[in-house]
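Presented below is the structure to which this report refers.
Each chain gets a letter, A, B and so on, in the order the sequences are listed, and its residues count up from 1. Since the model is a prediction, treat every value here as computed from it, not as a measurement.
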Protein chains: 2
Amino acid sequence: MKGPALQRKRVTSRDVAKVAGVSRTTVSLVLNNVQGIQISPETRQKVIRAANELGYVPDAMAQALVSRRTKAIGLVLTRTHHHIATDAFLPKIISGLLTTAKQHNIRTLIDWVETEHQESAYFELARAKRIDGMILSTPRLDDKAIKALESADIPTVLMGSVAGSMLPFVDVDNVQAAEKAVSYLLELGHREIACISNAPPEYTAAPERVQGFRNAMAKAGAPVNERLVCFADFDPESGYRCMKSLLESGERFTAAFVASDNVAIGAKAALREANLRVPDDISLVGFDDIPWAMYSDPPLTTIRLPAEALAQQACTLLLNLIQGKEGWENNHVILETELIVRKSCKAIQ
Amino acid sequence: MKGPALQRKRVTSRDVAKVAGVSRTTVSLVLNNVQGIQISPETRQKVIRAANELGYVPDAMAQALVSRRTKAIGLVLTRTHHHIATDAFLPKIISGLLTTAKQHNIRTLIDWVETEHQESAYFELARAKRIDGMILSTPRLDDKAIKALESADIPTVLMGSVAGSMLPFVDVDNVQAAEKAVSYLLELGHREIACISNAPPEYTAAPERVQGFRNAMAKAGAPVNERLVCFADFDPESGYRCMKSLLESGERFTAAFVASDNVAIGAKAALREANLRVPDDISLVGFDDIPWAMYSDPPLTTIRLPAEALAQQACTLLLNLIQGKEGWENNHVILETELIVRKSCKAIQ
DNA sequence: CTTTCATGCTAACACGTGTTACTAACTCGT
DNA sequence: ACGAGTTAGTAACACGTGTTAGCATGAAAG
């Protein structure tokens, strides 16, 4: 496959040139298929044959150095160790990213930024020119970081919108989606509805989803009991704690909108512990439609978030940005959500 | 933070040298803190001050080119698009990898190899010298690919052992772990036990876990009903299908060992559809202890696989390999598993 | 016979860094 | 005063590629 002799030495374009009996320049011109230049078909063949014979693969670092393109993008995660480990969405995002990246022959670098050293880490990646651009997942940015990013010279796309930022982003309409979910509960006759957010309010999407809850309630003329609004923290355990405290508060409710399936899993565990059954005693609507939602017991009614499509769009947007297609700047993409009705909700009789 | 004027031009070590009034060499020597060389403290200060003032960050590509180290490792996934998207373990592996990598100031590149183009893709990454080494997750390798990898000049660590390979790997003792799980069921008095594997037998770990099942049954003198042994395919849906076909086969069983929590989730859905309750009608033991196992209804008894620790060990092993610490070659790490007893099993009376 | 022009290819530079060999100046013991 | 040794720093090369300017050669045009 690689020729008879096993070569441990690095094969460079100079070696190919020597074997083909041409100059290194010609090798480069032929293998990169440069247009508007004249090379005889025989020479082309000689070069290509030599390259195959030697198993020549151009050095990515050298290419990057001279072309000033690394052909790599970065996915930057901005959450804690623990939240990354229990993120049910990460696989979908990675899968989506890899698919699109591969189509464009681009590599994906993944990095994790501890919140304390945010800025320095952003810059390290950016200024070291290790990547051509980056995607920030679930950004939680203060004004300083946003400004630093906007003024930095590295193309950036956010997954999740950030108020006050001019950076391009990809997202769903969280307000409208949450409204859809809560409206469904209201249509089933529920009036006393609890709301557990997906994350603390400083994270993207969290306040929007709670706002959607409020909007739906207001439209239906149902009062919002503030004691039934609670902020979780991404993982099932936080959902468990939220639901437990809601139950212990003694406030009455017949349904709950949980703005994350992952959190809902924990919330349901708390209900079970209190001998409350879903949907007979409490109706539950989730958000995200993680792969396990449909296999939950009972199957969880939820809002489907097109995670893979979001990642793909983010990647496409970023690649356009990198290629300098103007008119893409400050642009954004909003994808549609869908209410998936399963069996975790029941009408009030 | 970066000085008054916003510089869009790239800052090189030459610029730093000019500002500090020294040669580029001196800049390199100072900033890399090269030992055994004499530079006066005042010059050192001048250089460091100039570097900070200009916001100098060395170009990673240029460094890689000259040092022949990219300071990046690759995580290579060898499964289908869909299996990656629904992999409950990927976040933990990534989390573990990132932690260890960050400690050593190493970046992580993630790539995905469609099974058809396996070899070419391996080599592309390796020969292009984009990474210093790679970790292969859930390898499914035929002999040709193994040999190609062994003879390639890129350090490689497998996550999951492969029979007949000399490559270093990180794994648990799958046979023993499965034995532990099934022994637990046997101790509870079960004799007619079904076995659903985590994956097709050509993948690592799958045959081992089934073998563990057989061993435990043999030791207890319980006959293995071959019609109750079934191979799933990573995701819940395959578990659902397996369990459904087991139920439709008409063969009697009181418990099932499911060699993957992810698969078990689907299997449980099939049981529920058949109006069978866990653990009252059927006892269930899973494998992996994914984050959702403890929040399942009922909480799933399972074998805990130390996924993050495995990733960390794999990373450490790889870094040793890259640094050329001999004595680490052909080495491997086996981590311990643990039976986590929850509420999905019941004793036979 | 000279001038123009296309063809086929190459020498030479640039990218930004790490590192080795070397030099100039200065100290010091005798 | 003089060779020996230390100190502080630099010039020059290497890494492997992409790209521009230019050089022969031969053919066509005047």
Side-chain angles (χ1 to χ4, degrees), chain A residues 7 9-48 50-51 54-72 124 126-130 132 153, chain B residues 7 9-48 50-51 54-72 124 126-130 132 153:
Chain A
Q7 56 229 346
K9 278 309 275 179
R10 179 128 195 78
V11 179
T12 76
S13 67
R14 199 183 313 276
D15 300 329
V16 177
K18 195 168 291 180
V19 169
V22 297
S23 77
R24 213 177 51 69
T25 306
T26 306
V27 173
S28 173
L29 295 176
V30 169
L31 295 184
N32 291 344
N33 207 9
V34 176
Q35 298 300 319
I37 211 133
Q38 306 287 3
I39 305 275
S40 77
E42 305 94 64
T43 309
R44 289 199 124 85
Q45 276 311 312
K46 272 195 296 184
V47 171
I48 290 168
L54 293 170
Y56 170 66
V57 177
D59 184 298
M61 298 300 132
Q63 282 183 316
L65 179 59
V66 68
S67 72
R68 309 182 115 177
R69 284 276 139 81
T70 63
K71 299 198 116 196
E124 196 181 341
R127 305 294 284 275
K129 290 284 176 207
R130 207 180 264 276
D132 295 331
D153 53 352
Chain B
Q7 57 232 341
K9 278 308 275 180
R10 178 126 198 78
V11 179
T12 76
S13 67
R14 198 184 316 276
D15 300 330
V16 178
K18 195 168 293 179
V19 169
V22 297
S23 77
R24 213 179 51 69
T25 306
T26 305
V27 173
S28 173
L29 294 176
V30 169
L31 294 184
N32 291 344
N33 208 9
V34 176
Q35 299 299 321
I37 212 135
Q38 306 287 3
I39 305 274
S40 76
E42 305 94 61
T43 310
R44 289 198 123 86
Q45 277 310 313
K46 271 196 296 184
V47 170
I48 289 168
L54 293 170
Y56 170 66
V57 177
D59 185 298
M61 297 303 134
Q63 282 183 317
L65 179 58
V66 67
S67 72
R68 307 181 116 178
R69 285 277 139 81
T70 63
K71 300 196 117 199
E124 197 181 340
R127 304 295 285 276
K129 290 283 175 206
R130 206 180 265 276
D132 295 332
D153 52 353

### Task
Measure the distance from NZ on B:Lys129 to C1' on D:dT17 and round it to the nearest whole Å.
16 Å
### Message
Can you see if the side chain of A:Gln63 gets near the phosphate of D:dT17 - specifically, an N or O under 4.0 Å from OP1 or OP2?
### Response
no
#### Entry: Residues that A:Val34 engages under side-chain contact (heavy atoms from CB on, under 4.5 Å), provided they are two or more places apart
A:Leu29, A:Asn32
### Query
Do the side-chain N or O atoms of B:Thr43 get closer than 4.0 angstrom to the phosphate oxygens (OP1, OP2) of D:dG9?
yes
### Task
Let me know the distance between NZ of B:Lys18 and P of D:dT10, rounded to the nearest Å.
14 Å
### Message
Taking 4.0 Å as the cut-off, does a side-chain nitrogen or oxygen of B:Ser67 come that near to OP1 or OP2 on C:dT17?
### Response
no
### Message
So B:Ile39, base contact, sugar-phosphate only, or nothing? Heavy-atom distance under 4.0 Å.
### Response
sugar-phosphate
### Message
Just the rounded figure in Å: distance from P of D:dC15 to CZ of B:Arg69.
### Response
16 Å
### Query
Any ion pair linking B:Asp59 and A:Arg130 (charged N to carboxylate O, less than 4.0 Å)?
no
### Message
Between B:Arg44 and D:dA8, is there a contact of a side-chain N or O with OP1 or OP2 at under 4.0 Å?
### Response
no
### Summary
From NZ of B:Lys71 across to P of C:dG18 the rounded distance in Å is 11 Å
#### Entry: B:Glu42 CD to D:dG9 P, straight-line distance once rounded to whole Å
8 Å
### Message
Check whether B:Gln38 reaches the backbone of B:Gly36 with its side chain - one donor and one acceptor, N or O, closer than 3.5 Å.
### Response
no
### Contacts of A:Thr70 that satisfy side-chain contact (heavy atoms from CB on, under 4.5 Å) - sequence neighbours left out
A:Ala64, A:Ala72, A:Asp132, B:Met61
### Message
From C-beta outward on B:Leu65, which listed nucleotide comes closest to its side chain: C:dC15, D:dC15, C:dG8?
### Response
D:dC15
### Task
Rounded to the nearest angstrom, tell me the gap between atom CD in A:Gln38 and atom C1' in D:dA24.
16 Å
## Note on the structure
Whole-Å distance, A:Asp15 CG to D:dC15 P, equals 11 Å
### Message
Under the criterion side chain to side chain contact (heavy atoms under 4.5 Å, CB included), I'd like the reasoning laid out for B:Val57 against B:Val11: C-alpha separation, chi angles, the key distance, then a yes or no.
### Response
CA-CA 7 Å; B:Val57 177; B:Val11 179; over 6 Å; no
### Query
What integer distance in Å separates B:Met61:CE from C:dG18:P?
14 Å
### Message
For A:Ser40 and A:Thr43: C-alpha separation, side-chain torsions, deciding distance, then whether side chain to side chain donor-acceptor pair (under 3.5 Å) applies.
### Response
CA-CA 5 Å; A:Ser40 77; A:Thr43 309; 2.8 Å; yes
### Query
Taking the side chain of B:Thr12 as its heavy atoms from C-beta onward, which of C:dT10, D:dG9, C:dT17 lies nearest to it?
C:dT17
#### Entry: Backbone of A:Arg24 reached by a side-chain donor or acceptor of A:Arg14 within 3.5 Å
no
### Query
For DNA chain C, which residues in residues 23-37 of chain B have a heavy atom at a distance below 4.0 Å?
B:Arg24, B:Thr25, B:Ser28, B:Asn32
### Task
Determine: side-chain N/O of B:Arg14 to OP1/OP2 of C:dT17, distance under 4.0 Å, yes or no.
no
